[in-house]
**Student:** 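I have a structure I would like to understand better, so I am pasting it below and will then ask my questions one at a time.
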Amino acid sequence: MTTDLFTPIALGSLTLANRIVMAPLTRNRAGAGNAPSDLTVEYYRQRASAGLIVTEATQVSPQGVGYPGTPGIHDAEQAAAWRRVTDAVHKEGGHIFLQLWHVGRISHPSLQPEGALPVAPSAIKPDGEAVTYEGMQAYVTPRALDTKELPGIVAAYRNAAAKALSAGFDGVEVHAANGYLLDQFLRDGSNRRTDAYGGPVENRFRLVREVTQAVIDIWGADRVGARLSPINGFNSMSDSDPEATFRYAARELGRMGLVYLHVVEGASMDGSDPRRVDRASIAKDFDGLYIANGGYDKARAGASVAKGESDLVAFGKSYIANPDLVERFAQDAPLNTPDPATFYGGDHRGYTDYPSLSAA
Ligand code: PHB
């Protein structure tokens with residue numbers, strides 16, 4: 001029997017109905033207090049036939065905020081609002097992990113508590129502009145975190161992981177990708193520290209290790225995954241030896257017992273740049289499940305799973321526009337076209353009003 005996208009798979013103690021993952025997608029529609037709204041409950045409910053949903057990146061602390069209208073998981077009100085999302089997804093028979101996020105330097109004083117500078121491993125300004133409530137504003141040079149502040153960062157993740165548990169999620173994903181805080185520590189283009197958290201990869205990985213261990217202590221390793229993006233240059237990221245850095249990270253995360261590694265394989269998130277990494281180059285020493293991401297369509301995803309190059313495949317843009325993506329793939333039905341104008345922010349339009357096959 002050949003394995004395809006529709007073959008169920010065990011994720012730790014969970015059984016997923018298929019290998020189609022809804023990728024984490026920032027949609028900037030959180031309501032008051034950075035809590036998910038009624039619309040967000042409906043949005044995830046509509047997509048519950050995915051084998052696994054990974055939520056949009058969700059901040060672990062007020063300092064971890066980098067964009068308007070992104071949700072948090074650091075206080076009780078946010079956890080209560082997320083509980084409505086997880087209940088809705090579970091009622092439809094789905095599974096949902098929350099993605100834990102701290103943006104580090106990809107922020108702006110206007111988004112930070114008391115107008116503070118964003119924090120980072122080193123005081124290196126990213127190129128480009130932050131999205132703020134007052135429009136686009138140039139990134140600022142972040143403040144390098146003091147060594148003695150790092151236990152506080154770990155504690156924020158621990159608190160958020162505990163809130164996610166209380167909110168009824170099936171697990172959590174540590175976001176160590178795409179140029180946010182943990183990735184800023186991992187890659188040497190953004191980490192010039194001279195303490196135990198900078199220099200060789202063992203040191204640059206240290207914060208990822210401590211955060212992941214804190215999360216595992218709350219959840220158990222079979223409910224924790226991590227996301228990595230070895231060659232994605234988004235957010236001014238670079239590393240002098242991505243293969244060495246990320247093979248080390250993958251091996252160590254495997255030793256910690258992580259249930260999956262979720263890899264943004266491309267040099268761009270949408271797969272438009274042909275350069276890629278794969279399981280063989282990054283995750284050879286990782287024994288858990290491998291989720292591939294980055295510009296896959298049904299045919300490429302099916303081939304990847306059939307060949308064992310991945311165990312699951314995550315879809316982003318196609319999930320924005322197709323709540324019933326699983327059904328459409330199963331029937332080889334045409335897909336709705338996503339509208340980039342409504343990706344980030346706005347109302348129900350382009351969020352909960354894409355039709356399913358049965359509605360169309
Ligand atoms: C974004 O808001 O553009 C964003 C957020 C999280 C990611 C990537 C992009 O991992």
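Ligands are counted one by one from 1 in listed order, and the atoms in each one are counted from 1 as well.
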**Student:** Looking at ligand 1, does Met269 have a heavy atom less than 4.0 Å from it?
**Tutor:** yes
**Student:** Are side-chain heavy atoms of Met136 and Val131 found at a separation under 4.5 Å?
**Tutor:** yes
**Student:** Please report whether ligand 1 has a polar contact with His175, defined as an N or O pair separated by less than 3.5 Å (distance criterion only).
**Tutor:** yes
**Student:** Does NZ or CZ of Arg209 lie under 6.0 Å from the centre of the six-membered ring of Phe205, at an angle within 45° of the ring axis?
**Tutor:** no
**Student:** We want to know whether Ser13 and Arg223 form a side-chain donor-acceptor pair, criterion being a heavy-atom distance below 3.5 angstrom.
**Tutor:** yes
**Student:** Using a strict cut-off of less than 4.0 Å between a Lys/Arg side-chain nitrogen and an Asp/Glu carboxylate oxygen, indicate whether Arg247 and Asp285 qualify as a salt bridge.
**Tutor:** yes
**Student:** Between the side chains of Arg349 and Asp339, is the shortest nitrogen-to-carboxylate-oxygen separation below 4.0 Å, so that they form an ion pair?
**Tutor:** no
**Student:** Which of the numbered atoms in ligand 1 are under 4.0 angstrom from any heavy atom belonging to Asn178?
**Tutor:** 7 (C), 8 (C), 10 (O)
**Student:** Give me the nearest non-hydrogen protein atom to atom 6 (C) of ligand 1 as residue plus atom name, then the distance to 0.1 Å.
**Tutor:** Tyr180 CE1, 3.4 Å
**Student:** Can you name the atoms of ligand 1, numbered from 1 with element, that are less than 4.0 Å from a heavy atom of Tyr67?
**Tutor:** 1 (C), 2 (O), 3 (O)
